[in-house]
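Each chain gets a letter, A, B and so on, in the order its sequence line appears, and its residues count up from 1.
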Amino acid sequence: MQTENNMPNYWLMKSEPDAFSIDDLAQQGPSPWDGVRNYQARNFMQNMQMGDLIFFYHSSCKPAGIAGVAKVAREAYPDHTSWDPTSHYYDPKSSPDHPRWFMVDIELVEKWSNVLPLSTLKQDPELSDMLLIKKGNRLSVMPIKPNEWQRINTHLKPNNKPR
DNA sequence: GCCAACGTTGGC
DNA sequence: GCCAACGTTGGC
(Lines give C-alpha, C1' and ligand atoms only; values in the text may rest on other atoms or scores of the structure.)
Protein backbone atom coordinates (compact mmCIF):
# COMPACT_ATOMS: atom_id res chain seq x y z
CA MET A 1 0.00 0.00 0.00
CA GLN A 2 1.59 3.21 -1.12
CA THR A 3 -0.07 6.35 0.19
CA GLU A 4 0.65 10.07 -0.12
CA ASN A 5 4.06 9.86 -1.72
CA ASN A 6 6.79 7.53 -2.82
CA MET A 7 9.22 8.32 -0.07
CA PRO A 8 10.15 5.34 2.07
CA ASN A 9 9.71 5.46 5.79
CA TYR A 10 12.60 4.57 8.04
CA TRP A 11 12.69 2.15 10.94
CA LEU A 12 15.01 0.34 13.29
CA MET A 13 14.53 -3.28 14.35
CA LYS A 14 16.44 -5.02 17.10
CA SER A 15 17.50 -8.62 17.10
CA GLU A 16 19.81 -10.60 19.31
CA PRO A 17 22.38 -11.99 16.87
CA ASP A 18 22.46 -15.28 18.76
CA ALA A 19 18.82 -15.72 17.80
CA PHE A 20 18.76 -14.05 14.37
CA SER A 21 21.69 -12.09 12.98
CA ILE A 22 22.24 -10.03 9.86
CA ASP A 23 24.17 -12.99 8.46
CA ASP A 24 21.13 -15.19 9.01
CA LEU A 25 19.06 -12.65 7.11
CA ALA A 26 21.61 -12.63 4.27
CA GLN A 27 21.53 -16.42 4.07
CA GLN A 28 17.79 -16.88 4.30
CA GLY A 29 16.63 -14.13 1.99
CA PRO A 30 13.28 -12.51 2.80
CA SER A 31 12.44 -13.54 6.35
CA PRO A 32 9.44 -13.15 8.64
CA TRP A 33 9.94 -10.93 11.68
CA ASP A 34 7.95 -13.08 14.05
CA GLY A 35 7.66 -13.03 17.80
CA VAL A 36 6.96 -9.36 18.43
CA ARG A 37 4.70 -9.28 21.50
CA ASN A 38 4.59 -5.60 22.29
CA TYR A 39 1.67 -3.45 21.14
CA GLN A 40 3.69 -0.38 20.26
CA ALA A 41 6.14 -2.41 18.19
CA ARG A 42 3.25 -4.24 16.52
CA ASN A 43 1.56 -0.98 15.62
CA PHE A 44 4.73 0.30 14.02
CA MET A 45 5.01 -2.85 11.93
CA GLN A 46 1.42 -2.38 10.78
CA ASN A 47 2.42 1.04 9.47
CA MET A 48 5.29 -0.32 7.39
CA GLN A 49 5.07 -0.19 3.62
CA MET A 50 6.80 -2.16 0.90
CA GLY A 51 10.28 -0.81 0.35
CA ASP A 52 10.55 1.01 3.67
CA LEU A 53 14.14 0.95 4.88
CA ILE A 54 15.28 -0.50 8.20
CA PHE A 55 18.40 -0.28 10.32
CA PHE A 56 19.13 -3.85 11.41
CA TYR A 57 20.29 -3.57 15.03
CA HIS A 58 22.18 -6.18 17.01
CA SER A 59 21.22 -6.08 20.69
CA SER A 60 22.50 -7.82 23.82
CA CYS A 61 25.93 -8.38 22.34
CA LYS A 62 29.16 -6.50 22.02
CA PRO A 63 29.24 -4.18 20.49
CA ALA A 64 25.52 -3.56 20.37
CA GLY A 65 24.74 -1.41 17.35
CA ILE A 66 23.58 -1.12 13.75
CA ALA A 67 24.82 -4.00 11.60
CA GLY A 68 23.36 -2.95 8.26
CA VAL A 69 20.24 -2.07 6.30
CA ALA A 70 17.19 -4.11 5.36
CA LYS A 71 13.90 -3.31 3.65
CA VAL A 72 10.28 -4.33 4.00
CA ALA A 73 9.60 -7.23 1.63
CA ARG A 74 6.02 -7.96 2.74
CA GLU A 75 3.61 -5.76 4.66
CA ALA A 76 2.02 -6.77 7.95
CA TYR A 77 0.18 -10.10 8.17
CA PRO A 78 -0.86 -12.27 11.11
CA ASP A 79 1.97 -13.91 13.09
CA HIS A 80 1.01 -17.58 13.03
CA THR A 81 3.42 -18.43 15.85
CA SER A 82 1.00 -16.62 18.16
CA TRP A 83 -1.57 -19.43 17.94
CA ASP A 84 0.93 -22.30 17.85
CA PRO A 85 0.93 -23.89 21.33
CA THR A 86 4.37 -25.36 20.67
CA SER A 87 5.88 -21.97 19.88
CA HIS A 88 7.90 -19.98 22.33
CA TYR A 89 5.81 -17.00 21.21
CA TYR A 90 2.43 -18.66 21.84
CA ASP A 91 -0.33 -16.35 23.06
CA PRO A 92 -3.60 -18.10 23.97
CA LYS A 93 -5.51 -14.90 23.31
CA SER A 94 -4.56 -14.96 19.63
CA SER A 95 -6.25 -17.16 17.02
CA PRO A 96 -6.43 -17.40 13.22
CA ASP A 97 -9.90 -15.80 13.36
CA HIS A 98 -8.77 -13.03 15.68
CA PRO A 99 -5.04 -12.62 15.33
CA ARG A 100 -3.57 -10.37 17.99
CA TRP A 101 -0.01 -10.23 16.67
CA PHE A 102 1.41 -9.36 13.27
CA MET A 103 4.71 -9.55 11.48
CA VAL A 104 6.36 -8.26 8.31
CA ASP A 105 8.94 -9.87 6.05
CA ILE A 106 12.24 -8.11 5.67
CA GLU A 107 15.09 -8.55 3.23
CA LEU A 108 18.76 -7.57 3.43
CA VAL A 109 19.85 -4.47 1.56
CA GLU A 110 23.43 -4.26 2.77
CA LYS A 111 25.53 -5.56 5.59
CA TRP A 112 27.98 -2.96 6.83
CA SER A 113 31.69 -3.69 7.09
CA ASN A 114 31.49 -3.20 10.85
CA VAL A 115 28.78 -2.74 13.41
CA LEU A 116 28.16 0.94 14.13
CA PRO A 117 28.21 0.89 17.92
CA LEU A 118 25.50 2.33 20.09
CA SER A 119 28.23 4.27 21.92
CA THR A 120 29.04 6.16 18.69
CA LEU A 121 25.39 7.03 18.14
CA LYS A 122 25.19 8.35 21.68
CA GLN A 123 28.14 10.65 21.11
CA ASP A 124 26.55 12.45 18.14
CA PRO A 125 24.66 15.57 19.29
CA GLU A 126 22.52 15.47 16.13
CA LEU A 127 21.11 12.11 17.21
CA SER A 128 20.25 13.04 20.76
CA ASP A 129 16.52 12.86 20.02
CA MET A 130 16.65 9.30 18.69
CA LEU A 131 14.25 6.98 20.48
CA LEU A 132 17.00 4.38 20.59
CA ILE A 133 19.12 6.61 22.79
CA LYS A 134 16.46 7.65 25.26
CA LYS A 135 17.06 6.19 28.66
CA GLY A 136 15.13 3.06 29.39
CA ASN A 137 13.84 2.60 25.89
CA ARG A 138 12.99 -1.03 25.28
CA LEU A 139 11.16 -0.91 21.97
CA SER A 140 12.33 -3.55 19.51
CA VAL A 141 10.74 -1.77 16.53
CA MET A 142 10.84 2.01 16.24
CA PRO A 143 10.62 4.78 13.66
CA ILE A 144 13.69 6.72 12.54
CA LYS A 145 13.40 10.33 11.38
CA PRO A 146 14.63 11.13 7.86
CA ASN A 147 17.30 13.49 9.17
CA GLU A 148 18.55 10.79 11.52
CA TRP A 149 18.64 8.29 8.69
CA GLN A 150 20.65 10.69 6.54
CA ARG A 151 22.99 11.63 9.33
CA ILE A 152 23.86 8.05 10.13
CA ASN A 153 24.32 7.03 6.51
CA THR A 154 26.44 9.99 5.46
CA HIS A 155 28.54 10.57 8.58
CA LEU A 156 28.61 7.49 10.78
CA LYS A 157 28.23 4.44 8.57
CA PRO A 158 31.48 2.44 8.55
CA ASN A 159 33.14 2.58 5.16
CA ASN A 160 33.43 -0.58 3.16
CA LYS A 161 36.86 0.06 1.67
CA PRO A 162 39.28 -2.83 1.99
CA ARG A 163 42.43 -2.13 3.94
C1' DG B 1 25.42 -11.44 36.17
C1' DC B 2 23.47 -7.10 37.72
C1' DC B 3 19.83 -4.13 37.82
C1' DA B 4 17.21 0.10 36.12
C1' DA B 5 13.47 0.90 33.44
C1' DC B 6 9.56 -0.47 31.46
C1' DG B 7 5.05 -3.06 30.01
C1' DT B 8 1.57 -6.19 31.52
C1' DT B 9 -1.39 -8.50 34.69
C1' DG B 10 -4.81 -8.95 37.99
C1' DG B 11 -6.84 -8.05 42.66
C1' DC B 12 -9.48 -4.74 44.63
C1' DG C 1 -9.31 2.82 37.32
C1' DC C 2 -5.52 2.29 40.56
C1' DC C 3 -1.32 0.27 41.53
C1' DA C 4 1.67 -3.55 43.46
C1' DA C 5 3.76 -7.47 41.80
C1' DC C 6 5.87 -9.63 38.30
C1' DG C 7 8.42 -10.67 34.04
C1' DT C 8 11.30 -8.84 30.44
C1' DT C 9 14.62 -5.97 28.04
C1' DG C 10 19.12 -4.77 27.19
C1' DG C 11 23.26 -1.94 28.28
C1' DC C 12 26.98 -2.32 31.09
Side-chain angles (χ1 to χ4, degrees), chain A residues 9-28 31-48 52-72 75-145 147-149 151-153 155-158:
Chain A
N9 299 306
Y10 302 110
W11 310 94
L12 180 144
M13 300 174 95
K14 295 178 183 173
S15 182
E16 299 190 14
D18 286 349
F20 187 73
S21 71
I22 195 162
D23 290 326
D24 295 329
L25 180 64
Q27 273 190 357
Q28 295 180 23
S31 304
W33 199 265
D34 59 6
V36 170
R37 297 293 179 268
N38 170 282
Y39 290 104
Q40 224 182 331
R42 180 202 68 184
N43 295 344
F44 285 136
M45 285 200 297
Q46 290 182 302
N47 287 331
M48 290 183 181
D52 280 2
L53 294 170
I54 301 158
F55 285 136
F56 192 104
Y57 183 93
H58 280 178
S59 65
S60 295
C61 60
K62 63 174 188 178
I66 300 172
V69 173
K71 66 180 178 186
V72 175
E75 294 178 3
Y77 60 106
D79 181 345
H80 57 83
T81 66
S82 67
W83 57 75
D84 173 3
T86 68
S87 170
H88 177 66
Y89 301 118
Y90 177 58
D91 177 355
K93 292 173 181 166
S94 186
S95 68
D97 285 345
H98 296 95
R100 170 173 293 207
W101 302 111
F102 289 76
M103 58 190 178
V104 296
D105 289 355
I106 75 167
E107 184 177 5
L108 183 68
V109 173
E110 62 175 9
K111 178 189 173 182
W112 290 353
S113 59
N114 295 292
V115 169
L116 169 56
L118 176 62
S119 57
T120 302
L121 298 172
K122 284 181 171 172
Q123 285 164 14
D124 189 333
E126 297 200 24
L127 299 178
S128 56
D129 285 338
M130 276 187 84
L131 275 178
L132 180 70
I133 290 173
K134 304 273 178 176
K135 189 169 77 166
N137 170 55
R138 287 167 37 186
L139 268 183
S140 62
V141 178
M142 69 185 79
I144 298 288
K145 299 188 190 80
N147 65 303
E148 296 164 348
W149 182 270
R151 174 73 182 170
I152 290 168
N153 274 287
H155 292 270
L156 300 180
K157 172 183 158 181

Arg151(A): what forms a salt bridge (charged side-chain N to carboxylate O under 4.0 Å, His left out) with it, not counting sequence neighbours? Asp124(A), Glu126(A)
What nucleic acid atoms does Leu132(A) come within less than 4.0 Å of, heavy atoms only: base, sugar-phosphate, or nothing? nothing
Considering every strand and a 4.0 Å limit on heavy-atom distances, what is the contact class for Lys134(A): base, sugar-phosphate, or nothing? nothing
Go through DNA chain C in 5' to 3' direction and return only the first and the last nucleotide with some atom under 4.0 Å of chain A's heavy atoms. dG7(C) to dC12(C)
Under 4.0 angstrom, heavy atoms only, what part of the nucleic acid is Lys14(A) near: base, sugar-phosphate, or nothing? sugar-phosphate
Please enumerate all residues that pass side chain to side chain donor-acceptor pair (under 3.5 Å) together with Ser119(A), with sequence neighbours excluded. none
Identify all side-chain donor-acceptor contacts of residues 17-25 of chain A below 3.5 Å with residues at least two apart in sequence or on another chain.
unit_1	atom_1	unit_2	atom_2	d
Ser21(A)	OG	Asp23(A)	N	3.2
Ser21(A)	OG	Asp24(A)	N	3.2
Ser21(A)	OG	Asp24(A)	OD2	3.3
Asp23(A)	OD1	Lys111(A)	NZ	2.9
Asp24(A)	OD2	Ser21(A)	N	2.9

According to side chain to side chain donor-acceptor pair (under 3.5 Å), who are the partners of Lys145(A), at least two apart in sequence or on a separate chain? Glu148(A)
Does Lys135(A) have any side chain to side chain contact (heavy atoms under 4.5 Å, CB included) partners at least two apart in sequence or in another chain, and if so, which? none
